[in-house]
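Within every chain, numbering begins at 1; the chains are lettered A, B, ... in the order of the sequence lines, protein sequences first and strands thereafter.
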There are 2 protein chains.
Amino acid sequence: MPSLPLLVVLLGLLAHAAATSSPLNLLPQPTHSSIGNTTTCLDPGFSISFSAHAPADLRAAATRATRAIRASKMRYLSPTYGAEFFPATGGCTHWVKSLTVAVSDAAPIAAHATRKAEARVEGYNLTLPTDGEAQIAADTALGAFRGLTSFQNLWYRHNNDIYAPFAPYSIADSPQFPWRSLLLDTSRNFFDPATLRDMLDAMARVKLSVFHWHLTDSQSWPLRLNAMPELADKGAYEPSKVYSEADVRQITAYANARGIDVVLEIDTPGHTASLWYSHPELIACHAASPWGDYANEPPAGQLRFADPNVTAWTAQLFTNVIPLTSSAYFGTGGDELNVNCMMSDAATNATLAAKNITLQEALAQFTQGTHKTLLEHKRSPMVWEEMVLDHGDLGLSNDTVVDVWISSANTSAVADKGYKLVHASSDYFYLDCGRGEWINQDGGANSWCDPFKNWQLMYSFDPYNNITDAQRALVLGGQASLWAEQADASNYETVLWPRAAALAELFWTGSANTGNASFPRSALDALPRMHDARFRLLDAGVASTPLAPEWCALRPGACDLTS
Amino acid sequence: MPSLPLLVVLLGLLAHAAATSSPLNLLPQPTHSSIGNTTTCLDPGFSISFSAHAPADLRAAATRATRAIRASKMRYLSPTYGAEFFPATGGCTHWVKSLTVAVSDAAPIAAHATRKAEARVEGYNLTLPTDGEAQIAADTALGAFRGLTSFQNLWYRHNNDIYAPFAPYSIADSPQFPWRSLLLDTSRNFFDPATLRDMLDAMARVKLSVFHWHLTDSQSWPLRLNAMPELADKGAYEPSKVYSEADVRQITAYANARGIDVVLEIDTPGHTASLWYSHPELIACHAASPWGDYANEPPAGQLRFADPNVTAWTAQLFTNVIPLTSSAYFGTGGDELNVNCMMSDAATNATLAAKNITLQEALAQFTQGTHKTLLEHKRSPMVWEEMVLDHGDLGLSNDTVVDVWISSANTSAVADKGYKLVHASSDYFYLDCGRGEWINQDGGANSWCDPFKNWQLMYSFDPYNNITDAQRALVLGGQASLWAEQADASNYETVLWPRAAALAELFWTGSANTGNASFPRSALDALPRMHDARFRLLDAGVASTPLAPEWCALRPGACDLTS
């Protein structure tokens with residue numbers, strides 16, 4: 001009679017209704033890879049060595065990766081949880097004893113991660129043999145860090161063994177798009193710095209490269225500036241819900257060392273009602289009622305941007321914020337400007353009359369007056385699509401990055417104007433959609449961007465849809481956005497993960513038309529990688545939502561629509 | 001110049017766009033209440049005393065409540081987080097020194113919680129004076145426990161003070177419906193016993209009264225029975241994902257002591273593919289492909305219920321499961337029977353031919369044969385609506401409880417047949433809806449019961465809609481269901497809470513037509529209670545989802561649609 005474990009294996013094989021297309025479950029899928037069929041184990045004395053001038057942040061990343069691999073309990077997802085890779089008796093017979101990381105450039109990860117997007121070099125080669133020495137080779141520390149992340153994601157746990165089941169591995173990999181972004185809104189609800197660091201760690205695991213930090217909005221002003229402390233002292237929810245300058249610098253440094261650029265956004269001239277608490281003179285239509293006539297969300301309130309003093313004040317604000325990060329970009333917002341708010345404001349009307357200009361002309365002056373500060377600090381502006389589509393020519397610089405958010409149908413209009421763009425469309429990439437309208441009303445309502453964007457929908461997006469061949473260089477990448485009306489530290493991980501991993505793979509692998517991936521992408525092919533990524537995040541302590549019953553996670557393909 | 005705290009208060013008052021309808025944020029809203037305007041504090045020496053024969057589980061509950069009140073950091077939700085209830089200098093001037101709990105009946109909470117639903121007595125009176133002794137009086141320990149829960153939910157924290165801001169309080173309260181239920185599915189994904197205990201604690205905080213435990217299904221069989229160990233040994237995901245008989249008894253005792261009846265469900269004859277691993281001879285169409293022709297979800301597989309041996313085996317199974325709880329009810333399922341699966345099964349066809357009966361007649365024999373076991377154990381059956389609407393007369397006993405789930409439109413059809421019913425309709429109360437279809441397909445899809453059911457929609461439900469006056473006694477209550485295809489311990493709290501609290505209030509307060517509540521219920525009136533409940537759950541360690549920006553939570557009414 002067969003032993004119980006053997007029976008379990010046999011039952012598992014019988015129940016395995018569909019084969020996976022590739023057993024290499026690295027997410028994002030590498031550009032090129034080959035694998036074998038030998039199980040190799042991590043030698044108990046495993047160590048990592050470096051080429052001479054490897055920077056300190058890369059060495060620190062390797063130390064963290066080694067510790068994480070040793071602590072991980074991640075198991076291979078199959079009906080026997082990876083037991084099939086081991087003989088019935090006995091354990092490992094092949095051992096990886098070391099990893100050598102060779103990098104050509106001595107600059108730290110952080111230096112590369114904060115370059116202009118087009119200049120970032122993230123490629124790497126990785127080999128993992130059946131025995132002996134694994135190798136990572138990369139031109140930059142940023143590329144070596146991406147390789148290290150792949151290395152970390154290859155290992156599984158079986159009892160006391162740490163193993164990789166498909167040695168020898170050979171991987172040559174680089175991303176198609178440099179801007180692989182997550183937006184978090186820290187105004188609607190506050191997220192403490194420790195939570196942000198946890199989020200950045202999770203982002204790094206799937207090679208996301210940009211944290212678009214929507215720092216402030218109408219509901220609260222959590223940024224405490226040394227030169228303008230009153231903004232947070234009066235506009236934050238409470239003193240504990242504030243980021244100091246040191247917090248922002250530390251979070252930025254933490255991100256940069258993990259290959260993530262932090263692009264701060266101070267949304268103006270709308271989305272600024274929280275400045276009213278400290279500077280009521282700056283704000284039009286504050287808390288006007290009914291709010292729906294004056295804003296997209298309560299409370300209403302916008303900068304009196306027609307006033308040159310307000311422009312000067314805002315430029316000074318930007319001057320205080322920009323140096324907090326080392327990014328080449330700075331976000332100035334520009335979405336959802338409410339014209340009725342401005343036209344009902346006596347002070348604004350008086351200014352427009354005195355200067356004999358239109359509201360649109362005033363907006364152009366405000367934009368140029370505040371963006372001048374960005375140029376002085378050598379930052380490229382990042383704005384929302386309305387700034388190039390809705391208000392005529394505002395005199396934006398050519399290097400402005402435009403986030404397309406209202407609809408993916410607007411991509412071509414932005415590209416036609418010659419701006420670089422990021423796909424952040426609400427119809428594909430808004431993670432907060434479809435969870436019910438939070439504005440309170442009897443009987444409830446669906447969210448404005450209903451339905452929920454599940455990972456398969458996100459994954460089906462074509463980065464070059466509605467883009468001419470000549471415009472392709474304008475597409476920097478894509479972004480998943482988590483607006484925090486219904487999210488805070490208690491639940492945000494379940495909203496982000498693993499859906500943001502689908503975006504990470506989409507913009508790492510790019511469009512078929514440029515080379516290495518088939519398009520439309522196959523969710524059937526990607527599913528095992530998505531399950532693997534979800535369970536790896538869970539293993540790392542991230543409350544990542546299960547995609548399916550465990551029965552399905554263990555049997556990729558068995559729960560496809562047509563299986 | 002005013003001090004900073006005073007400025008904050010003034011700003012808070014100015015920003016408070018709309019007044020709350022009642023500052024008493026107890027959820028569920030009590031039947032009758034009156035409050036004052038004095039802030040009273042919990043005396044450091046506060047203690048609880050009992051009438052002579054108060055049972056041990058009530059005394060233990062009081063100890064837990066006292067500990068929880070002392071540990072809580074829950075603050076009143078206002079722009080100044082409750083500071084408005086204290087003078088600018090100095091602290092408490094009124095003190096509640098003790099609570100006396102008087103109960104007429106000596107039986108424990110657990111005894112009352114597990115009676116037939118109609119026989120449960122949950123009413124209580126609670127007084128909390130400005131100074132001195134608070135009192136709870138109730139006929140039963142179950143009622144006293146509900147009063148104790150209300151008492152616990154009255155307190156807030158301000159610095160080191162624990163206070164209730166609206167003394168004196170006088171509350172007379174009892175529920176309209178006894179069956180206020182939460183369903184959790186522990187087959188699609190496993191939930192360990194500690195997680196279930198946490199869930200039960202959260203349920204008790206909003207006075208939910210039934211845990212409908214959907215124990216087993218086609219994906220896994222986590223119930224390990226002493227007499228039939230092979231079911232879990234072969235059908236559970238793995239040995240660690242199993243409930244022993246002791247686990248079930250302990251979880252049930254834990255629930256009962258918190259005023260919650262545990263109704264176990266062993267879903268039959270469909271939803272049983274996981275029995276195939278241990279008893280392949282019992283199961284028709286196991287893992288048949290394409291699964292969509294044979295089941296509502298993969299994997300396909302149903303009991304060969306036409307076979308008298310299968311009926312006898314299932315009855316024996318029930319006999320082993322029923323004694324694990326002390327409930328007056330036992331769930332036998334009966335949903336989503338797939339006829340094609342049965343008619344494509346050679347063994348079933350042979351049985352039907354040999355017995356010269358139809359599939360429907362076979363189902364009636366199976367139902368009566370297995371339900372006989374319930375009668376022997378004095379349990380009333382709980383079934384899904386198909387068992388009374390889709391398969392003719394199956395000979396169900398008159399005391400069967402029917403869960404209406406496919407649509408709230410089917411309620412009247414069930415009532416017309418004279419069965420007791422529970423509102424569990426997917427169009428109002430399925431918490432898993434609207435999070436995207438989990439069955440994998442390119443481009444994704446919406447969930448079958450899209451959109452997401454937000455709390456305002458749930459709250460707008462009328463328990464007596466489509467019910468005649470004569471049928472009202474048939475309505476036992478309602479149920480929020482969490483099917484766990486996309487939920488496990490990592491995220492389930494964010495899915496359940498605080499939405500399940502809206503159901504708790506709905507079925508506690510009942511329908512206006514019977515007396516004490518206005519209908520349709522006002523989400524505008526309930527919102528501050530929902531926010532309070534959400535933050536109390538968060539304070540208790542439950543990852544309850546925020547309903548809105550904190551700005552809105554602090555200003556009930558300011559974020560209504562028409563504010």
Could you report the tightest heavy-atom contact between B/N454 and A/G444, atom names first, then the distance?
OD1-CA, 3.7 Å
Greatest number of non-hydrogen atom pairs under 4.5 angstrom with chain A, of B/A487, B/A484, B/G292, falls to B/A487
Can you tell which part of A/K241 gets under 4.5 Å to a heavy atom of chain B, answering side chain, backbone, both or neither?
side chain
Between A/D442 and B/S522, is the side chain to side chain contact (heavy atoms under 4.5 Å, CB included) condition met? List the steps.
CA-CA 6 Å; A/D442 282 323; B/S522 168; 4.1 Å; yes
Which atoms of A/Y81 come close to chain B, meaning under 4.5 Å heavy atom to heavy atom: side chain ones, backbone ones, both, or neither?
side chain
Output the distance between atom CD (B/Q219) and atom CG (A/L554), rounded to the nearest 0.5 Å.
11.5 Å
Heavy-atom pair count under 4.5 Å with chain A, highest-scoring of B/V495, B/T494, B/N189, B/L538:
B/N189
Side chains of B/P290 and A/T562 in contact at under 4.5 Å (non-hydrogen atoms)
no
What part of A/D488 is in contact with chain B, defined as an atom under 4.5 angstrom from a non-hydrogen atom: side chain, backbone, both or neither?
both
Based on non-hydrogen pairs under 4.5 Å, which of B/Q486, B/K453, B/E238 is most in contact with chain A?
B/E238
Checking heavy-atom separations under 4.5 Å from chain B, one finds in residues 540-550 of chain A A/A543, A/S544, A/T545, A/P546, A/L547, A/A548, A/P549, A/E550
Assert top hit (heavy-atom pairs under 4.5 Å, partner chain B, pool A/D293, A/N446, A/D185, A/D217) equals A/N446
Here the pair of heavy atoms bringing B/I439 nearest to A/Q456 is O-NE2, 4.3 Å
B/G443 and A/S460: which non-hydrogen atoms are nearest, and at how many Å?
CA-CB, 3.9 Å
Please assess B/N440 against A/C559 for the test side chain to side chain contact (heavy atoms under 4.5 Å, CB included), listing each intermediate value before the final yes or no.
CA-CA 6 Å; B/N440 195 35; A/C559 298; 5.9 Å; no
What part of A/N491 gets within 4.5 angstrom of chain B, counting heavy atoms only: side chain, backbone, both, or neither?
both
Name the region of A/S220, side chain, backbone, both or neither, that has any atom closer than 4.5 Å to a heavy atom of chain B.
neither
Donor-acceptor pair, side chain of B/Y237 and main chain of A/W551, under 3.5 angstrom
yes
Against chain B, label A/A553 side chain, backbone, both or neither, depending on which of its atoms sit under 4.5 Å from a heavy atom there.
neither
What part of A/D560 gets within 4.5 angstrom of chain B, counting heavy atoms only: side chain, backbone, both, or neither?
both
Select one option (side chain, backbone, both, neither) describing which atoms of B/A489 are under 4.5 Å from chain A's heavy atoms.
neither
Of all of A/G434, A/S447, A/S218, which one pairs up most often with chain B through heavy atoms under 4.5 Å apart?
A/G434
Using non-hydrogen atoms only, which part of B/R499 is less than 4.5 Å away from chain A: side chain, backbone, both, or neither?
neither
Chain A contact residues among residues 294-301 of chain B, heavy-atom distance under 4.5 Å
B/P298, B/P299
When rounded to the nearest 0.5 angstrom, what distance separates CZ in B/F535 from OG in A/S490?
8.5 Å
Counting only non-hydrogen atoms closer than 4.5 Å, does A/C552 touch chain B with its backbone (N, CA, C, O), its side chain (CB onward), both, or neither?
side chain
